[in-house]
Amino acid sequence: MPIIAEFVTSATNPDQFPKDRLPEIAMAGRSNVGKSSLINKILAQSRLAHTSSTPGRTQTLNFFRIWPEGRDGKKGFYLVDMPGYGFAKASLSRRAQWAKFINEYLETRETLKGIVQLVDMRHPPQPLDLQMAEWLREVETPYLVVATKADKIAKTKVPQQLQAMAEQLQLPTEDMIAFSAQTGLGREELWRWILNTALDRK
Ligand code: GTP
Ligand code: MG
């Protein structure tokens, strides 16, 4: 049965969030880390979420409704593409406004069942990555940290880099996976985590 994925809405304030109470899994991470590309890759759709080589592409909370068992299946959920944090070109006041909107979403959204934090595998975690990871350690919401752009480093270095990043983020290595939107590395494991978390399977 093919997965069905459809864009539902772009939200700039909470009134615009979907009201059907389906579970949600959100993608968080720095601008340009590959959140939108990851959504396209796991859904095997090249242009569902808009991507760009210029940071700051995604500026709204974008909700994609997923029917993993096709349209007849009962179990639907949302993948939520978020604007990146640390977008240097935005003005300070705009960044503050965004941080407030996003933090509120992450902290209060009742239907939010899981958070995927993306970090760039090529670089050490940045201050905002460390802050996000620290926050994830403290909240009850299940999370997974995805180290992206794994295709940009030597294959043999992937496990040790993942280990090093887990240490820097002070997270268990089990909470991290390596991913590439280019090669599909990590796609299966990530999809399994998303399904299990969204649909409350063990
Ligand atoms: P914002 O919407 O600005 O927050 O960015 P984003 O996190 O959604 O990043 P996006 O998916 O738009 O990707 C940014 C750039 O990185 C694009 O040029 C992508 O093609 C590239 N990219 C994303 N994931 C990967 C990956 O796994 N490997 C490689 N090589 N490039 C990637
Ligand atoms: Mg994006």
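Along the sequence shown, residues are numbered consecutively beginning with 1. First listed ligand is number 1; within each ligand, the first listed atom is number 1. This one's a predicted model, so the numbers in the text were calculated from it and none came from an experiment.
No donor-acceptor pair closer than 3.5 Å links the side chain of Gln161 to the backbone N or O of Lys157. A donor-acceptor pair is defined here as one N or O able to donate and one able to accept, closer than 3.5 Å; such a pair exists between the side chain of Thr148 and the backbone of Val119. Checking side-chain atoms of Arg30 against main-chain N and O of Asp129 turns up no donor-acceptor pair under 3.5 Å. Looking only at distances, no side-chain donor or acceptor of Gln160 sits under 3.5 Å from a matching main-chain atom of Val158.
Within the 4.0 Å heavy-atom shell around ligand 1 one does not find Gly29. Ligand 1 is approached by Asn32 to a heavy-atom distance shorter than 4.0 Å.
Considering only non-hydrogen protein atoms, atom 4 (O) of ligand 1 sits nearest to Lys35 NZ, 2.8 Å. Nearest protein neighbour of atom 30 (N) of ligand 1, counting heavy atoms only, is Asp151 OD2, 2.8 Å. For atom 18 (O) of ligand 1, the closest non-hydrogen atom on the protein side is Ser53 CA, 3.3 Å. Atom 3 (O) of ligand 1 has its closest protein heavy atom at Gly56 N, 2.7 Å.
For the residues Ser31, Ser36, Ala178, the heavy atom positioned nearest atom 8 (O) of ligand 1 is part of Ser36. Of the listed options Gly186, Ser37, Ala49, Gly84, Ser37 places a heavy atom closest to atom 10 (P) of ligand 1.
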Task: Chi angles and distances behind the salt bridge (charged side-chain N to carboxylate O under 4.0 Å, His left out) call for Lys100, Glu104 - done: CA-CA 6 Å; Lys100 186 168 174 283; Glu104 241 168 60; 3.6 Å; yes
- [ ] Could you walk me through whether Leu130 and Leu169 pass the side-chain contact (heavy atoms from CB on, under 4.5 Å) test, one step at a time?
- [x] CA-CA 6 Å; Leu130 297 169; Leu169 293 165; 3.9 Å; yes
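Note that CG of Asn103 and CH2 of Trp98 are 12.0 Å apart. Values are rounded to the nearest 0.5 Å.
Residue Thr54 has no N or O atom closer than 3.5 Å to an N or O atom of ligand 1. Considering backbone and side-chain atoms alike, Lys149 places an N or O below 3.5 Å from some N or O of ligand 1. Remark: ligand 1 and Lys152 share no N or O pair separated by less than 3.5 Å (distance only, no angle test). The shortest N/O to N/O separation between Gly34 and ligand 1 falls below 3.5 Å.
Under the 30°/60° scheme for interplanar angles, the aromatic rings of Phe17 and Phe63 are found to be tilted.
Ser36 and Asp81 are linked by a side-chain donor-acceptor pair at a separation below 3.5 angstrom, with hydrogens and angles left out of the test. Asp20 and Tyr78 are linked by a side-chain donor-acceptor pair at a separation below 3.5 angstrom, with hydrogens and angles left out of the test.
Atoms of ligand 1 lying under 4.0 Å from at least one heavy atom of Ser180, given by number and element, are 27 (O). Listed by number with element, the atoms of ligand 1 under 4.0 Å from a non-hydrogen atom of Ser52 are 12 (O), 13 (O), 14 (C), 15 (C), 17 (C), 18 (O). In the vicinity of Pro55, heavy-atom distances shorter than 4.0 Å reach the ligand 1 atoms 3 (O).
Each of Leu144, Val145, Leu162, Val116 was checked for a side-chain contact (heavy atoms from CB on, under 4.5 Å) with Ile177, and the lone residue meeting it is Leu144.
If you look at Ala181 next to ligand 1, the close heavy atoms, those under 4.0 Å, come from the backbone and the side chain alike.
The Mg ion (ligand 2) lies at 2.8 Å or more from every N, O or S atom belonging to Met82.
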